Asker: 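Take a look at the following structure, please.
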Amino acid sequence: MPADTPPHRYDAAMAAAIESRWQAEWETRRIYEVHDAAGDPTRRSNKLFVMDMFPYPSGSGLHVGHPLGYIATDVYVRFRRMCGADVLYTMGFDAFGLPAEEHARQTGQHPRINTEANIANMRRQLDRLGLSHDKRRSVATTDVDYYRWTQWIFLQIFNSWFDPQARRARPVAELAAEFAAGERTRPDGRSWGTLSEAERREMIDGHRLAYVADSPVNWCPALGTVLANEEVTNEGRSERGNHEVFRRPLKQWMMRITAYGDRLLEDLDLLDWPESVKTMQRNWIGRSTGALITFDAVGRAAGIEVFTTRPDTLFGTTYMVLAPEHPLVDELLAEEWPVGVAEAWTGGAATPRQAVDAYRARAAAKSDIARSDSKTGVYIGRDATVPFAQTRVPVFVADYVLMGYGTGAVMGVPGEDQRDREFAEAYGLGVIRTVQPPDDHPCDQAYTGDGVSINSGFLDGLDVDASKALILERLAAAGCGRATVNYRLRDWNFSRQRYWGEPIPVVFDEHGPVALPEAMLPLELPELTDWAPRALARDSDPEPPLGRVSDWTEAVLDLGDGPRSYRRELNTMPQWAGSCWYYLRYLDPGNDKALVDPEVERYWMGDPEPGGVGGVDLYVGGVEHAVLHLLYARFWHKVLHDLGHVSGPEPFKRLINQGYIQAYAFKDSRGVYVPAEEVEGSLESGFEHRGERVARELGKMGKSLKNSVTPDDMYASYGADTLRLYEMFMGPIDQDRPWETRSVVGSQRVLQRVWRNLVDEETGELRVSDEAPDDDLLRLLHRTIDGVRSDMEGMRFNTAIAKLTELNNELTRHHTGAPREVAEVLVRMLAPLVPHFAEELWHRLHGYGAGSVTQADFPTADPALLVTDTVEVPVQVNGKLRGRVTIAADADEADAVAAALSEPNVAAHVNGRELRKQIYVPSRMITLVV
RNA sequence: GCGGACGUGGCGGAAUCAGGCAGACGCGCUGGGUUUAGGUCCCAGUACCCACCAGGGUGUGGGGGUUCGAAUCCCCCCGUCCGCACCA
């Protein structure tokens, strides 16, 4: 620090002092706490519920990219508070998860200790930013008082079924009652009264929204857990850690999210979300309409059911394909090859069994990428019959057909499907075109467009749509097919073989799962001495850590019919569970009677506009949650809505994805990253690290690229307000942008100039004058108020800051200190962006007994000062700018043109030629055409 | 391959919603001043080309179109980023 720095300059040290003083003051005066009860419903139009996606409390702490969204919501919330809004704003922690378990395994420390330490550290880093959260409302998903309600919601879902007629969830008790009353019958016609207890239980369990299924799962031995499909990469490896993943059948809890496919799709239209996120959700749900068609297998009773979106091409079927995992494969396999079978079809194997076994083994060893390279398969030695055409076609096993989509079986139509075409070429299968292609269509390509049906019996001459309609009618009449809707969306695998998650509040008796009664919640995690997840052998079976607690796995409980022994569920919930509903707990975090008081829920989640969709008014977070978190939360919310626990159909009305802050990273000649902070040089001169030339690239900020910049670094060099201002100034909130530490000083200079216009740097005395601002300054002030207000409303903080900077630059040019009236308004406009800085100046202006600037009104522009008597208007001649004239604001076109023509340069370009056209856009532009 | 977003100075970006002065604001850079340490602060300049100035020409990835007027609207192409990916 140079010795001659003025003693009262706004610098990092002064910022630190100001920031800690006002943070303590705000805390003492509890100014960010919002009322606990529901507000006055008649003033609901004034309510505002804003949230950031809550963070996982990572052990490595924050870098400057993390708080971008938090600062943005804080600025917005502070602005809206100053405009009179009733704001609910807080933040919690998504604290269950694998990293805490991994840390625990390394240190021997219970995950809770590490988790709580990380939360404390993160709170410290965030507090330093001056976010205006109501801290009393903060929750962590690991709090027993919190996960008690996560478990409660699980039971609500478990105790519900989806009624397809009503298109909503209903209690299973009602389903049982309908069976008992005979209003609903089993497919086999047996009445409820004749069923055994086991059969009744099975019947009901088969309808629940949360159910146990023995289904193939993604078993990852290295992580010691199964993973959701979403946690597995395209290459068939774990997203976390890139470990091998194997498909294994296992009893798993599933959530019947597919029942809500249509509503999740339809209600996207009600939401104010980025189009890209809606598109991703639509693709994920993957609704497609088509038909299920059953083909008879020659010589077997079993039929092969396929899903197709093109039932009109049925007559073009020349073969069939089953996915390698398809359960019918083993049943349909022929004992031996038919006479004269082609070598290519057998894979050189002696029997169909050997061919299929070898093919399956090869398919399992290949990555999905390799699988997609070429079409391969083997014949299973059996044929099927094409309905109506009555032709015999061979049945293959091929890995280009996926078990996870449709029925896992397809009809091969090489005439109208390019994938089928490629397979047919490879195995010498016939091609029958059933849609007439245009003349210029290449004859070696499938034709997927519209056209007239040919070679299709009763469909000939009809176009695609008419053919589809007629074939569906005939299939239904013949009993071998029907129209259907298929979804790419699968039911949600809800079990994890982990310790550090919510225990599932279910026990098992001899018939299956039994819900714990609500009174037994919370079901707390047992203490473990040996809780660490284990990396297991490749061929091992899934083993949940809770299975190692012998006095917990078996429980003697009285669930209504006396004490009995039950087996506990050993899996825990996935990390998504806690984040599915935390927004509801923010509303009423201390409630021990309900997850949220209904009146409080209605106040904060009800739509301010009558007929609106409701939900959180603004939700800000990263686009990485575009599908999973947001889809799961919407699903839970809809179930809770159906059951009457929440008032609206959607949790998040408006969503903004904040951009990523990227940072330059530097690689040496070996391709190893070097610490970015030690690199010197420039783009022109080249970059060097310890004398060695390094290459620059742009990437995600983080440890692996050695390019992290922490908020703590910025607090030390500039203070929190400068960091806030810089992050908001860098660009639009939803855009990625590169971090540049050397530019941060610009934002500090802006604050320093504001400070200097109000405070004498030598004496610390106030520099404001009591003289009224001159007319130009006053008009600029009100234009600024007007612009800043609308920029803040639209969350365009970068341009709001630019306008404030312009105003301040104008004050700087006066050299005399700011007129009090201007200073006072400027400080209020700065308050949402740089709250500590503004609070300090506010108190210097108004004396230390003044109330917080946080609670002051945001300035309002005087409309009279937004209009001017005269305006400077540019003049175009033949589309080119030739001069400017100053004319009366209310001048008519004739006056404007006359003024324009009197401008020498304009006159020179008109050069006496005849005016062919003249246009005056009031106050904007004069255009002359000659 | 399919879908989405986006291309503006040396850099981040503004103007795009509603066609009307392209480059606000900041970084960087150049020059000057104050101090004197090359730090800080203040002032001026900074898209490119020509010109002493006045001014002129060119310019928003490329090409075309609509219009008195296009960064903005429409069509084609090129490029970058993101998502999905044999979805039958």
Side-chain angles (χ1 to χ4, degrees), chain A residues 1-6 9 11 234 274-280 282-284 286 288 290 306-310 313 321 368-369 371-375 398-402 404-413 416-420 422-423 486-488 623-624 626-627 682-684 725-726 729-732 734-747 749-750 752-753 756 761 794 796 798-806 808-809 812-813 815 872-884 904-905 908 916-921 923-930:
Chain A
M1 188 69 54
D4 59 347
T5 297
R9 169 158 296 172
D11 59 14
N234 290 332
E275 206 46 51
S276 60
V277 175
K278 290 191 188 184
T279 303
M280 279 189 246
R282 287 188 189 109
N283 292 342
W284 191 263
S288 60
V306 303
F307 172 75
T308 178
T309 56
R310 294 292 303 276
T313 64
V321 184
D368 279 12
I369 293 284
R371 276 171 74 151
S372 67
D373 278 351
S374 61
K375 302 275 179 294
D399 60 13
Y400 83 92
V401 171
L402 309 175
Y405 185 78
T407 62
V410 303
M411 56 188 210
V413 188
E416 278 76 36
D417 185 292
Q418 188 56 31
R419 296 158 301 182
D420 294 346
E422 286 163 23
F423 189 80
N486 189 59
Y487 299 88
R488 203 188 78 110
V623 71
E624 70 271 21
V627 177
S682 67
L683 204 52
E684 300 82 47
L725 193 67
Y726 177 65
F729 181 65
M730 288 170 80
D734 56 355
Q735 198 170 302
D736 295 351
R737 71 290 302 265
W739 178 263
E740 230 179 341
T741 296
R742 71 171 186 183
S743 293
V744 180
V745 68
S747 294
R749 283 181 197 148
V750 170
Q752 281 176 338
R753 282 202 296 273
R756 203 155 36 233
E761 289 190 326
R796 294 182 299 269
N798 54 331
T799 51
I801 293 166
K803 290 179 174 89
L804 290 165
T805 305
E806 277 184 272
N808 186 57
N809 287 348
T812 303
R813 273 187 283 276
H815 294 295
E872 194 188 55
V873 185
V875 184
Q876 283 183 358
V877 180
N878 287 352
K880 290 204 186 300
L881 184 70
R882 296 302 180 188
R884 300 160 208 283
N905 197 43
R916 282 183 40 215
K917 197 161 184 175
Q918 58 193 42
I919 299 156
Y920 175 51
V921 183
S923 303
R924 298 291 284 174
M925 173 69 68
I926 302 166
T927 291
L928 307 173
V929 183
V930 298

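All chains are named by letter (A, B, ...) in the order of the sequence lines, taking the proteins before the strands, and each is independently numbered beginning at 1. Please read all numbers here as calculations on a predicted model, not as lab measurements.
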Asker: Output the single nucleotide from B:rC68, B:rA88, B:rC43 whose closest atom is nearest the side chain of A:V929.
Answerer: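 Of the options given, the side chain of A:V929 lies nearest B:rC68.
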Asker: Cation-pi between A:K375 and A:Y400: NZ/CZ under 6.0 Å from ring centre and within 45° of the ring axis?
Answerer: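 Checked: cation-pi criterion met.
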Asker: Establish, with yes or no, whether the OP1 or OP2 oxygen of B:rC42 is under 4.0 angstrom from a side-chain nitrogen or oxygen of A:R756.
Answerer: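 Yes, because at least one side-chain N or O of A:R756 sits under 4.0 Å from OP1 or OP2 of B:rC42.
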Asker: Which one of A:T805, A:T799, A:I801 satisfies the side chain to side chain contact (heavy atoms under 4.5 Å, CB included) criterion with A:K803?
Answerer: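 Testing each of A:T805, A:T799, A:I801 against A:K803, the sole residue satisfying side chain to side chain contact (heavy atoms under 4.5 Å, CB included) is A:T799.
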Asker: Quick one: side-chain hydrogen bond (donor to acceptor under 3.5 Å, both in side chains) partners of A:N486, sequence neighbours excluded?
Answerer: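 Only A:Y405 meet the side-chain hydrogen bond (donor to acceptor under 3.5 Å, both in side chains) criterion with A:N486.
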Asker: Could you identify the nucleotide paired to B:rU40, looking across every strand shown and requiring Watson-Crick or G-U wobble geometry with both distances under 3.5 Å?
Answerer: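 Per the H-bond distance test, none.
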Asker: Give none if B:rC53 has no partner; otherwise give the nucleotide forming a Watson-Crick or G-U wobble pair with it, both distances under 3.5 Å.
Answerer: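 Base-paired to nothing in any strand shown.
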Asker: On the nucleotide B:rA85, are OP1 or OP2 found under 4.0 Å from the side-chain N or O atoms that A:R488 carries?
Answerer: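 A:R488 to B:rA85 OP1/OP2: side-chain N or O found under 4.0 Å.
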Asker: B:rG7 pairs with which nucleotide, Watson-Crick or G-U wobble, both distances below 3.5 Å?
Answerer: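 When the pairing criteria are applied, B:rC78 turns out to be the nucleotide that pairs with B:rG7.
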Asker: Classify A:Q752 by what it touches in the nucleic acid, base, sugar-phosphate, or nothing, heavy-atom distance under 4.0 Å.
Answerer: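 Since only primed, P, OP1 and OP2 atoms lie under 4.0 Å of A:Q752, the category is sugar-phosphate.
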Asker: Categorize A:P274 for me: base, sugar-phosphate, or nothing, with a 4.0 angstrom heavy-atom threshold over every strand shown.
Answerer: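 Counting heavy atoms under 4.0 Å across all strands, no contact is made by A:P274.
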Asker: Determine the Euclidean distance between corresponding C1' atoms of B:rC27 and B:rU80; express it in Å to zero decimal places.
Answerer: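 Their C1' atoms lie roughly 24 Å apart.
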Asker: What's the gap between B:rG39 and B:rC78 when it is taken at their C1' atoms, as a whole Å value?
Answerer: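 Rounded to whole Å, the distance is 48 Å.
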Asker: Name the nucleic acid region contacted by A:D736, choosing base, sugar-phosphate or nothing; use a 4.0 angstrom heavy-atom cut-off, strictly under.
Answerer: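 Sugar-phosphate only.
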Asker: Any N/O pairs under 3.5 Å between the protein and nucleotides 23-29 of chain B? List them or say none.
Answerer:
{"residue": "B:rA24", "atom": "O2'", "partner": "A:E806", "partner atom": "OE1", "Å": "3.1"}
{"residue": "B:rA24", "atom": "O2'", "partner": "A:E806", "partner atom": "OE2", "Å": "3.4"}
{"residue": "B:rG26", "atom": "OP1", "partner": "A:R753", "partner atom": "NH2", "Å": "3.3"}
{"residue": "B:rG26", "atom": "OP1", "partner": "A:N809", "partner atom": "ND2", "Å": "3.1"}
{"residue": "B:rC27", "atom": "OP1", "partner": "A:R749", "partner atom": "NH1", "Å": "2.6"}
{"residue": "B:rC27", "atom": "O2'", "partner": "A:S743", "partner atom": "OG", "Å": "2.9"}
{"residue": "B:rG28", "atom": "OP2", "partner": "A:R749", "partner atom": "NH1", "Å": "3.4"}

Asker: Above 12 or not: heavy atoms from other molecules or residues under 6.0 Å from CZ of A:R282?
Answerer: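 Atom CZ in A:R282 is crowded, with more than 12 foreign heavy atoms closer than 6.0 Å.
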Asker: I'd like a table of atom pairs between the protein and nucleotides 55-59 of chain B - only N or O on both sides, under 3.5 Å - with the distance next to each one.
Answerer:
{"residue": "B:rG56", "atom": "OP1", "partner": "A:R882", "partner atom": "NH1", "Å": "3.1"}
{"residue": "B:rG56", "atom": "OP1", "partner": "A:N905", "partner atom": "ND2", "Å": "3.3"}
{"residue": "B:rG56", "atom": "OP1", "partner": "A:H909", "partner atom": "NE2", "Å": "3.3"}
{"residue": "B:rG57", "atom": "OP1", "partner": "A:R882", "partner atom": "NH2", "Å": "3.2"}
{"residue": "B:rG57", "atom": "OP2", "partner": "A:R882", "partner atom": "NH1", "Å": "3.0"}

Asker: Go nucleotide by nucleotide along RNA chain B from the 5' end; which of A:M411 and A:R737 gets its closest nucleotide reached first?
Answerer: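 Nearer the 5' end of the strand: A:R737.
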Asker: Which one is paired to B:rC84, where only Watson-Crick or G-U wobble pairs with both distances under 3.5 angstrom count?
Answerer: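 Check on B:rC84: paired to B:rG1, both distances under 3.5 Å.
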Asker: So what does A:R924 hit on the nucleic acid, given a heavy-atom distance under 4.0 Å: a base, only sugar-phosphate, or nothing?
Answerer: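 A:R924: backbone/sugar contact only, no base atoms under 4.0 Å.
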Asker: With a non-hydrogen cut-off below 4.0 angstrom, is A:T927 in contact with a base, only sugar-phosphate, or nothing?
Answerer: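 Counting heavy atoms under 4.0 Å across all strands, the contact made by A:T927 includes a base.
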Asker: For B:rC76 versus B:rG23, give the span between their P atoms, rounded off to a whole number of Å.
Answerer: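 Pairwise P distance, B:rC76 against B:rG23, rounds to 32 Å.
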Asker: Look only at the side chain of A:R737 and the backbone of A:P732, and say whether a donor-acceptor pair between them is shorter than 3.5 Å.
Answerer: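 Looks like yes, one N/O pair under 3.5 Å.
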Asker: Could you tell me which nucleotide pairs with B:rC73 by Watson-Crick or G-U wobble geometry, both distances under 3.5 Å, or answer none if nothing does?
Answerer: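 Matched B:rC73 with B:rG65 under the 3.5 Å cut-off.
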Asker: Just call it for A:Q735: base, sugar-phosphate, or nothing, with non-hydrogen atoms closer than 4.0 Å on any strand.
Answerer: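 Sugar-phosphate, backbone atoms only, no base.
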Asker: Please tell me which of A:D417 and A:P732 maps to the more 5' nucleotide of RNA chain B, matching each residue to the nucleotide holding its nearest heavy atom.
Answerer: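 The answer here is A:P732.
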